[in-house]
Peer 1: 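Right, I'll just put the structure down here and ask away after.
Note that ligands are numbered from 1 as they come in the structure, with each ligand's atoms numbered from 1 the same way. All residue numbers refer to positions in the sequence shown, counting from 1. What you see is a predicted model; the values in this text were computed from it and never measured.
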Amino acid sequence: MTDGQPVVLAERLGKRYRRGWALRDCSLRVPAGRMVGLVGPNGAGKSTFLGLLTGLLRPGAGRVEVCGTEPSGRHPDPRISFLSQGKPLYPQFTVEDQLRFGRSANPTWDQAHAEEFLARGHVPAGARIGTLSGGQRIWVALAVALGTRPRLVLLDEPLADLDPVARRSVLAALAQQRQRHGTTVVLSSHVLAELEEVCDHLLLFAAGRVRLAGDVRELLAGHSVLSGPRTGPIPVPARCVVDAAKTGHGTQLLVSPGPAALADPAWRHRPPTLTQLALGYLRSAHQEVAA
Ligand SMILES: Nc1ncnc2c1ncn2[C@@H]1O[C@H](COP(=O)(O)OP(=O)(O)OP(=O)(O)O)[C@@H](O)[C@H]1O
């Protein structure tokens, strides 16, 4: 892989199960060193996408390259770590055993690096995995996933079992991992507000399709939030409206592109937050599916 080459490159990627397409026509690229928020409603195709990146699932259409090659799934690739929702650990192992297992299976293992994660989570090395709290288990899983010094780490809802303080602590550790080692982190989560603080790249899926993908700053710059009266004409062409919501005070629109200026003084515009951007696209996708 050379500088500037994307870590993930998907071209019309698709996966079909017996009930139909779980992911369709997915074309996107993720540059190296990004902290990527992967968002979408339940059943959007996020886990399927992560499975295709690891090679555990085979594409039913299109292709995907990860770190410059098509994932084979035949043997563990030390360049890629995947932490699935089930966080596979051996409950009868001690934490030390679990790390020893990681070390024996991975030639790129960095014991000191793995131990840093245990220390952050205050996880006793001699404790059995089965006796740890859900939060402590996540730190062990992260130590195993990041102890191999991967270029790309895929985390499927790692924050779901954590209290708010622990979530921030995990996000800070991941941000530091990216900053110090240039690791690309893909983080699937339903907690938009927390992704907002750390992610500089967004992938938004809904109903098996990519709805939004790209650099967060560029995406935000390409959109505006408009606030105005509850009734009456809107100040932009209807084709620019991604999402429209009636609030207690009036109407709020997410539009793209954002207007340079508004002639009607009853309307105001401002840049969206990442949460407003993502919610707007999620709502609009939901309405499309419901229609
Ligand atoms: N092994 C499977 N066999 C059949 N259908 C599947 C399988 N795995 C996923 N699906 C279907 O594919 C679609 C996408 O599922 P996927 O798990 O990728 O979504 P998700 O965005 O990760 O959802 P969640 O946020 O609930 O984890 C869903 O309709 C799901 O029912």
Peer 1: Which of the numbered atoms in ligand 1 are under 4.0 angstrom from any heavy atom belonging to N42?
Peer 2: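 Reading through ligand 1 atom by atom, the close ones are 23 (O), 24 (P), 25 (O), 26 (O).
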
Peer 1: Output yes when the distance from some N or O of ligand 1 to some N or O of A22 is under 3.5 Å, and no in every other case.
Peer 2: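 No; every N/O pair is 3.5 Å or more apart.
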
Peer 1: Would you say P41 touches ligand 1, if touching means a heavy atom closer than 4.0 Å?
Peer 2: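 Yes; P41 lies near enough to ligand 1 that a heavy-atom distance drops under 4.0 Å.
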
Peer 1: Given D156, L50, T48, which has its nearest heavy atom closest to atom 18 (O) of ligand 1?
Peer 2: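 Nearest heavy atom to atom 18 (O) of ligand 1 lies in T48.
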
Peer 1: Tell me whether ligand 1 is touched by K15 - counting only heavy atoms on the residue side and a distance under 4.0 Å.
Peer 2: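 No, K15 has no heavy atom closer than 4.0 Å to ligand 1.
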
Peer 1: Can you figure out which of Y17, W21, F49 has its heavy atom closest to atom 4 (C) of ligand 1?
Peer 2: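 Among Y17, W21, F49, the closest heavy atom to atom 4 (C) of ligand 1 comes from Y17.
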
Peer 1: What protein heavy atom sits nearest atom 30 (C) of ligand 1, and how far away is it?
Peer 2: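 It is R19 NH2, 4.0 Å.
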
Peer 1: Taking the six-membered ring for Trp, are H286 and Y281 ring centroids under 6.0 Å apart?
Peer 2: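 No, the ring of H286 stays outside the 6.0 Å limit from the ring of Y281, centre to centre.
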
Peer 1: Is it the side chain (CB and beyond), the backbone, both or neither of E157 that lies under 4.0 Å from ligand 1, heavy atoms counted?
Peer 2: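 Side chain only.
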
Peer 1: Please list, in number order, the atoms of ligand 1 under 4.0 Å from a heavy atom of A44.
Peer 2: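 The list of qualifying atoms is 19 (O), 20 (P), 21 (O).
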
Peer 1: Do T108 and T148 have side-chain atoms, one donor and one acceptor, less than 3.5 Å apart?
Peer 2: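 No, no side-chain donor-acceptor contact under 3.5 Å.
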
Peer 1: Mind running side chain to side chain donor-acceptor pair (under 3.5 Å) on E196 and T275 for me, showing each step along the way?
Peer 2: CA-CA 7 Å; E196 177 136 29; T275 301; 2.5 Å; yes

Peer 1: May I ask you to list the atoms of ligand 1 that are less than 4.0 angstrom from any heavy atom of H190?
Peer 2: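 Ligand 1 atoms under the 4.0 Å threshold to H190: 25 (O).
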
